[in-house]
Undergrad: 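Submitted below is the structure of interest, expressed as structure tokens.
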Amino acid sequence: MIVTIDGPAGAGKSTVARRLAERLGAHFLDTGAMYRGVAAAAIDGGTDPADPDKAGELAETLHLRFDWATDPPRLLVDGIDMTHRLRDADVTRAVSDIASNPRIRQMLVRAQRWIGGQHPNLVSEGRDQGSLVFRDATVKFYLDATPAERARRRTRQLAESGVEADEQKILEQIVYRDRRDMSRKDGPLIKPDGAVVVDSSEMTFEQVVDALYEIVQTALAGAGSGA
Ligand code: DC
């Protein structure tokens with residue numbers, strides 16, 4: 001069983017995917033963490049993430065691995081735990097360059113398919129999981145929310161962690177990232193064929209998880225009965 005959740009930044013994919021995986025007894029793959037891990041390794045190693053050749057060359061030498069014994073799984077880059085770096089502001093700024101590098105995408109898509117082979121019960125979230133990486137997934141979701149709602153959630157999240165943020169600026173960043181994610185040539189963010197579109201703007205986190213869980217259960221029951 002492979003369940004994919006694609007969608008724009010800030011729609012709540014990671015938290016939803018993690019809880020859904022828990023309820024389904026599956027592993028949870030955060031593919032954004034892989035792009036972030038490469039971005040962090042580039043910055044920390046003095047490679048310009050915006051230089052496609054140098055960043056691509058570096059990425060090919062890296063060994064990315066998740067430690068599945070922890071929840072959420074920690075990301076090890078060349079054996080070093082990079083989890084604490086992944087959400088840092090410099091990494092968030094650089095990751096768009098990494099994610100629009102075709103060489104790096106190709107490498108990470110291959111790595112994600114390999115992980116899919118190793119973990120046959122998987123909930124995988126990202127931008128291209130249902131449209132490209134796992135086209136034959138059992139269920140594909142596209143989790144959406146309006147840009148304004150995503151900006152509101154992000155601002156609240158930052159406030160809760162003691163960071164004061166300007167909601168208008170956050171909204172601008174979200175719109176910028178959407179445009180970049182949707183317009184790149186390789187693995188653009190699209191609604192995958194056959195995906196169930198869920199707009200979470202007016203839903204609570206629990207309602208979203210419940211809705212996705214029910215849809216997966218129905219699909220599994222249908223597959224089991226040969227329907
Ligand atoms: O979901 P996130 O914010 O951790 O993703 C980080 C970046 O990686 C973001 O720019 C989108 C990109 N990404 C991608 O292009 N494809 C994926 N499968 C996952 C993330």
Side-chain angles (χ1 to χ4, degrees), residues 2-18 20-21 27-43 49-50 52 55-56 59 62 64 66 72-75 77 82-116 122-135 137 140-145 147 150-151 153-155 157-158 165 170-192 195 200:
I2 294 196
V3 174
T4 59
I5 306 183
D6 292 323
K13 293 186 305 291
S14 291
T15 12
V16 167
R18 194 175 153 199
L20 181 66
H27 277 135
F28 151 61
L29 176 61
D30 172 2
T31 60
M34 300 169 82
Y35 289 93
R36 288 174 181 273
V38 173
I43 296 169
L62 296 175
L64 265 64
F66 282 100
R74 279 187 313 228
L75 179 69
V77 181
M82 291 295 269
T83 314
H84 62 284
R85 278 287 277 130
L86 304 182
R87 303 271 144 199
D88 287 349
D90 57 341
V91 172
T92 298
R93 269 194 303 275
V95 74
S96 275
D97 286 319
I98 296 297
S100 51
N101 184 319
R103 202 161 145 192
I104 298 177
R105 294 204 74 82
Q106 201 177 40
M107 191 193 112
L108 293 186
V109 165
R110 212 180 306 130
Q112 289 153 17
R113 287 186 178 141
W114 185 83
I115 291 171
L122 193 70
V123 177
S124 188
E125 67 98 348
R127 304 296 191 283
D128 56 354
Q129 298 302 289
S131 55
L132 176 73
V133 182
F134 300 113
R135 285 199 190 101
K140 305 176 195 182
F141 291 106
Y142 186 88
L143 188 59
D144 211 349
R150 288 186 277 137
R153 288 178 190 169
R154 181 76 187 129
T155 311
Q157 207 176 45
L158 285 169
I170 299 223
L171 177 60
E172 282 163 21
Q173 283 166 8
I174 283 179
V175 170
Y176 169 78
R177 258 171 81 179
D178 282 359
R179 201 172 305 135
R180 245 189 122 164
D181 285 344
M182 289 174 185
S183 63
R184 73 170 160 251
K185 257 180 75 211
D186 276 297
L189 170 64
I190 54 165
K191 290 177 186 152
S200 72

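Remember, it's 1-based here, ligands and their atoms both numbered in the order they're listed. Just the heavy atoms: all of them, side chains too, but no hydrogens, waters or symmetry mates, feed the values below.
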Undergrad: For E125, check side chain to side chain donor-acceptor pair (under 3.5 Å) against everything at least two apart and list the hits.
TA: S14

Undergrad: Considering residues at least two apart in sequence or located in another chain, which fulfil the side chain to side chain donor-acceptor pair (under 3.5 Å) criterion with R180?
TA: D97, S100, Y176

Undergrad: Got a sec, which residues hit side chain to side chain donor-acceptor pair (under 3.5 Å) with T15, two or more places apart in sequence or on another chain?
TA: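 In terms of side chain to side chain donor-acceptor pair (under 3.5 Å), with neighbours along the sequence ignored, T15 is linked to no residue.
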
Undergrad: Under 3.5 Å, is there a donor-acceptor pair linking the side chains of R103 and Q106?
TA: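 Note: R103 and Q106 side chains miss the donor-acceptor criterion.
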
Undergrad: Measure the spacing between CG of D6 and CZ of F141 and express it to the nearest 0.5 Å.
TA: 11.5 Å

Undergrad: Quick one: do D186 and R105 make a salt bridge, cutoff under 4.0 Å?
TA: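 Answer for the salt bridge query: no.
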
Undergrad: Which protein N or O atoms sit under 3.5 Å from any N or O of ligand 1? Give atom names and distances.
TA:
from     : atom 1 : to   : atom 2 : distance (Å)
ligand 1 : 1 (O)  : R127 : NH1    : 3.0
ligand 1 : 3 (O)  : R36  : NH2    : 2.9
ligand 1 : 3 (O)  : R177 : NH2    : 2.7
ligand 1 : 4 (O)  : R36  : NE     : 2.7
ligand 1 : 15 (O) : R105 : NH1    : 2.8
ligand 1 : 15 (O) : R105 : NH2    : 3.4
ligand 1 : 15 (O) : R184 : NH1    : 3.4
ligand 1 : 15 (O) : R184 : NH2    : 2.9
ligand 1 : 16 (N) : R105 : NH2    : 3.1
ligand 1 : 18 (N) : T31  : OG1    : 3.0
ligand 1 : 18 (N) : R127 : N      : 3.2
ligand 1 : 18 (N) : D128 : OD1    : 2.9

